[in-house]
Amino acid sequence: IGGGRGRSLKRGSPDSALYQLQQEAPRPKRIICPQEVENRPKYYGREFHGIISREKADELLGGVEGAYILRESQRQPGCYTLALRFGNQTLNYRLFYDGKHFVGEKRFESIHDLVTDGLITLYIETKAAEYISRMTTNPIYEHIGYATLLREKVSRRLSRTKTESRKASVTCEENTPVEKINYLLFRKTLFQIVHTFRGPHWCEYCANFMWGLIAQGVRCSDCGLNVHKQCSKYVPNDCQPDLKRIKRVYCCDLTTLVKAHNTQRPMVVDICIGEIEARGLKSEGLYRVSGFTEHIEDVKMAFDRDGDKADISAGIYPDINIIAGALKLYFRDLPIPVITYDTYSKFIEAAKIFNPDERLEAIHEVLMLLPAAHYETLRYLMIHLKKVTMNEKDNFMNAENLGIVFGPTLMRPPEDSTLATLNDMRYQKLIVQILIENEDVLF
């Protein structure tokens, strides 16, 4: 329920003005039918008056603001209407029920709650239409809104990292300079979910009151940002995840985990690769041979429980295949694969190019489309897998073998199609093989 025009609040009004308007909104007044109505739906109460005309409904409401009844349509039996008195007129809304009551997007446990929320929305949008219009397109309180809070949060993190530049040169074992990406610049989309706030809440973007009885706005499940649905379109699309909200390591979005822990790559990747390179590079069938599933699940639970304090040392897990299996499981469990759904088809098309030089160039171009955290993780993994192939005489794992193992692990088609997966398997293998063999050129 919504709409309407009327006088607007003046720009610069206190941010509690909308809250005051909600307090002033008309209260619902149920008009009870004096006699029992036959065939009344079980989910409606005595406010249901059966089949009556609009004129009769208007008469029953008696011109009382907030008064409401339910009626069955004369023209369409089996269809129900909410007749509500507001603004010196009777408003009629088609009413639906699917376990909850609704006339629009919001769903309510009771008709009373639906009407209460509707009256609040109508009243505020009538009294403050112009104010709300300016609020969503040009935040009135931007100086204390989310934009400033975001800058301050990033600023605090930057101060903790001292004078770390955007890209710092580090050296790997082969003394080859590699660019190190600053995790602070990894961008992450806000994961916004419609949310019902208990008690008064104010938007963190425009600093205005979030009105309504339920579903007053949206909340990001990763950083906890609370904003109006209207304001969510204008919020800087760079979530700053709150570590307290990240309940696990496995099955967590890669960029979310990286930003929450202030790391370049997921700690699972760093710790598992570190352990494998320390004691497992010569292990026969590395990544091809499976470890015990129960022990791999134990490693997963250790990371979920203890984070970067998880102990996966040889004393606890002497079989290196368990650690390799836990790393592969982490990649398989990602909600968005390392090679993202958005880039999947482009990688497959690049793999189909016959000319090797053109194919390599096409793959490089698609790599540039990956989100920064995904790119950095893939880069680090390929450097590691190249080291695995350098020990092929002992572990019998070349780039092609590793491509077979990691192809379907690192990239999955957007649509859940077995046929598409089978058709693309050879190209998935080829992509990973090329990435390993050419990691020094492609990254």
Problem set entry | Short side-chain to backbone donor-acceptor contact, T116 and H112, under 3.5 Å | yes
Exercise. Counting N and O atoms only, with roles assigned by atom type, does the side chain of T409 sit under 3.5 Å from a partner on the main chain of V405, one being a donor and the other an acceptor?
Worked result: yes
Exercise. Is R379 salt-bridged to E439, going by a charged N under 4.0 Å from an acidic O?
Worked result: no
Exercise. Are any of the side-chain heavy atoms of L435 and L367 separated by less than 4.5 Å?
Worked result: yes
Exercise. Below 4.5 Å, heavy atoms only, C-beta onward: do Q428 and V432 meet side chain to side chain?
Worked result: no
Exercise. Got Q20 and L18 here, is their nearest side-chain heavy-atom distance under 4.5 Å?
Worked result: no
Problem set entry | salt bridge (charged side-chain N to carboxylate O under 4.0 Å, His left out) partners for E415, two or more places apart | none
Show me, pair by pair, the donor-acceptor contacts under 3.5 angstrom made by side chains of residues 323-330, not counting sequence neighbours?
residue, atom, partner, partner atom, Å
K328, NZ, Y287, O, 2.6

Problem set entry | K29 side-chain N/O to R27 backbone N/O, donor-acceptor pair under 3.5 Å | yes
For this session: Using atom types as modelled and distance alone, determine if a side-chain donor or acceptor of H101 lies under 3.5 Å from a backbone N or O of Y44.
Result: no
For this session: List in chain and number order the residues that pass side-chain hydrogen bond (donor to acceptor under 3.5 Å, both in side chains) with K386, two or more places apart in sequence or in another chain; answer none if no residue qualifies.
Result: none
Exercise. Does a side-chain heavy-atom distance below 4.5 Å link R71 with R54?
Worked result: yes
For this session: Begin from the C-alpha positions of D311 and S313 and carry the test side-chain hydrogen bond (donor to acceptor under 3.5 Å, both in side chains) through to its verdict.
Result: CA-CA 6 Å; D311 185 358; S313 62; 2.8 Å; yes
Exercise. Judged by atom type as modelled, is there a donor-acceptor pair below 3.5 Å linking the side chain of E47 to the main-chain atoms of Y68?
Worked result: no
Exercise. For V441, does its backbone N or O pair with a side-chain atom of N438 as donor and acceptor, under 3.5 Å?
Worked result: no
For this session: Go through the structure and list residues passing salt bridge (charged side-chain N to carboxylate O under 4.0 Å, His left out) with R94, not counting sequence neighbours.
Result: none
Problem set entry | Donor-acceptor under 3.5 Å (S53 side chain, K56 main chain) | yes
Exercise. Who are the side-chain contact (heavy atoms from CB on, under 4.5 Å) partners of T90, not counting sequence neighbours?
Worked result: D58, L61, A83, R85, N92
Problem set entry | K229 atom NZ, over 12 foreign heavy atoms within 6.0 Å | no
Seminar exercise, completed: Applying salt bridge (charged side-chain N to carboxylate O under 4.0 Å, His left out) to K346 and not counting sequence neighbours gives none
Exercise. When you measure from the centre of the six-membered ring of F48, is the NZ or CZ of R40 under 6.0 Å away and within 45° of the axis?
Worked result: no
Exercise. So, do P77 and E72 sit near enough that their side-chain heavy atoms are less than 4.5 Å apart?
Worked result: yes
